[in-house]
Amino acid sequence: MIAIGCDHGGLLLKNKAIKWLESWGYQVKDFGTFTDESVDYPDYAQQVADEVATGDCSLGVLICGTGFGMSISANKVDGVRAASVRDIYSARMLREHNDGNVLCLGARVTGDQYAKEIISTFLRSEFGGGRHQQRVEKIRAIEKERQ
Ligand code: RB5
């Protein structure tokens, strides 16, 4: 199950992304926003991040204007490793090296077809483990230290 959310800046791309995800066979849990009324991105980032952190959804996709507000907010939730991604190589590395679990996109900076490739690459890539495992564990240790 993939959790997805957006603010008003990401609404059109989110609606397209849901169709792509479903056409690829994924089940999608949509946390809104559902209209083009101006909203605050942390409200949606938190819902998607919580869903991924609890394991109810394996991965999340968050879309705002730049992807920045969503990634900054989502990373406040323990266990979430989110990044704003604008290229296909980074989409793969976010999974393979960082065990990233929330992909953030900027609908105002990334075209629809390119966003589609980024989402597809992120979902098809897998965490590499090995030397990357201890680095991800150190991220977790930083979270724990500050609890
Ligand atoms: C909303 O205007 C915009 O600030 C938001 O979508 C996002 O780009 C923030 O990071």
Side-chain angles (χ1 to χ4, degrees), residues 1-34 39-110 112 114-130 132-147:
M1 179 84 78
I2 308 294
I4 194 164
C6 69
D7 71 358
H8 51 288
L11 179 67
L12 296 178
L13 180 55
K14 185 198 70 172
N15 289 340
K16 288 178 187 167
I18 291 170
K19 289 195 179 122
W20 299 329
L21 288 163
E22 288 175 345
S23 76
W24 297 331
Y26 293 99
Q27 284 190 296
V28 182
K29 200 164 170 184
D30 183 3
F31 288 88
T33 187
F34 299 105
V39 293
D40 300 329
Y41 54 80
D43 297 336
Y44 301 89
Q46 186 176 4
Q47 292 181 71
V48 167
D50 279 343
E51 195 75 4
V52 172
T54 58
D56 288 340
C57 285
S58 53
L59 295 171
V61 177
L62 283 165
I63 309 170
C64 61
T66 57
F68 292 154
M70 287 299 194
S71 57
I72 292 166
S73 306
N75 278 318
K76 300 295 178 196
V77 175
D78 281 0
V80 166
R81 291 171 298 278
S84 177
V85 171
R86 293 189 188 175
D87 65 273
I88 289 161
Y89 175 77
S90 300
R92 183 160 69 82
M93 287 300 109
L94 178 59
R95 290 287 303 128
E96 288 187 5
H97 284 195
N98 311 111
D99 199 15
N101 48 17
V102 175
L103 173 71
C104 302
L105 293 164
R108 294 177 183 159
V109 292
T110 301
D112 289 352
Y114 203 63
K116 184 178 180 182
E117 288 298 314
I118 289 173
I119 296 169
S120 159
T121 301
F122 177 75
L123 295 175
R124 283 185 286 107
S125 303
E126 284 181 13
F127 181 48
H132 305 297
Q133 182 66 45
Q134 74 189 38
R135 294 164 185 167
V136 170
E137 281 165 14
K138 286 187 178 185
I139 297 173
R140 190 81 189 111
I142 295 170
E143 288 172 343
K144 288 221 169 95
E145 240 177 57
R146 278 155 180 75
Q147 273 171 0

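Between the Asp43 side chain and the Gln46 main chain, no donor and acceptor come within less than 3.5 Å of each other. With hydrogens and angles ignored, the 3.5 Å screen pairs no side-chain donor or acceptor of Ser120 with any backbone N or O of Lys116.
Residue Val136 comes nearest to Asn98 through the heavy atom pair CG2-O, 3.7 Å, listed as atom of the first residue, atom of the second, then distance. Contact between Gly79 and Asn101 at its shortest, heavy atoms only, is O-ND2, 2.9 Å. Glu96 approaches Phe127 most closely through the heavy-atom pair O-CD1, 3.3 Å. The two atoms that bring Cys6 and Tyr44 nearest to each other are O-CG, 3.4 Å, heavy atoms only. Of all the heavy atoms in Gly10 and Ala107, the pair that sits closest is CA-CB, 4.0 Å.
Rounding to the nearest 0.5 Å gives a distance of 9.0 Å between CD1 of Ile4 and CG of Leu103. For the atom pair NE2 of His97 and CZ of Arg92, the computed distance is 7.5 Å after rounding to the nearest 0.5 Å. Taken from NZ in Lys16 to CG in Leu11, the straight-line distance is 10.5 Å, to the nearest 0.5 Å. Between the CG atom in Leu105 and the CG atom in Leu13 there is a gap of 6.0 Å [rounded to 0.5 Å]. In this structure, the separation between CG on Asp40 and CG on Asp7 is 8.5 Å, given to the nearest 0.5 Å. Summarising the geometry, atom NZ belonging to Lys14 is positioned 11.5 Å from atom CG belonging to Leu21; distances are rounded to the nearest 0.5 Å.
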Name every donor-acceptor pair, under 3.5 Å, that has one atom in a side chain of residues 48-73 and the other anywhere in the protein, sequence neighbours excluded.
from	atom 1	to	atom 2	distance (Å)
Glu51	OE2	Lys29	NZ	2.6
Thr54	OG1	Asp50	O	3.0
Thr54	OG1	Glu51	O	3.1
Thr54	OG1	Asp56	OD2	3.4
Ser58	OG	Met1	O	3.4
Thr66	OG1	Phe68	N	3.0
Ser71	OG	Gly67	O	3.0
Ser71	OG	Phe68	O	3.0
Ser73	OG	Gly69	O	2.7

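Looking at Leu123 and Ile2, their side chains come closer than 4.5 Å, going by heavy atoms from C-beta outward. By the 4.5 Å heavy-atom criterion applied to side chains, Asp87 and Tyr114 are counted as neighbours. The shortest distance between side-chain heavy atoms of Asp99 and Arg81 falls below 4.5 Å.
Between Arg140 and Glu137 there is no salt bridge, since no side-chain N of the basic residue sits under 4.0 Å from a carboxylate O of the acidic one.
Side-chain contact annotation: Arg86 with Ser90, donor-acceptor N/O pair under 3.5 Å absent.
Screening residues 8-27 for ring pair (Phe, Tyr, Trp, His ring centres under 6.0 Å), with sequence neighbours left out, gives no hits. Residue pairs meeting the ring pair (Phe, Tyr, Trp, His ring centres under 6.0 Å) criterion with at least one member in residues 74-95, sequence neighbours excluded, do not occur.
Between Phe122 and the options Ile88, Leu94, Val85, a side chain to side chain contact (heavy atoms under 4.5 Å, CB included) holds for only Leu94.
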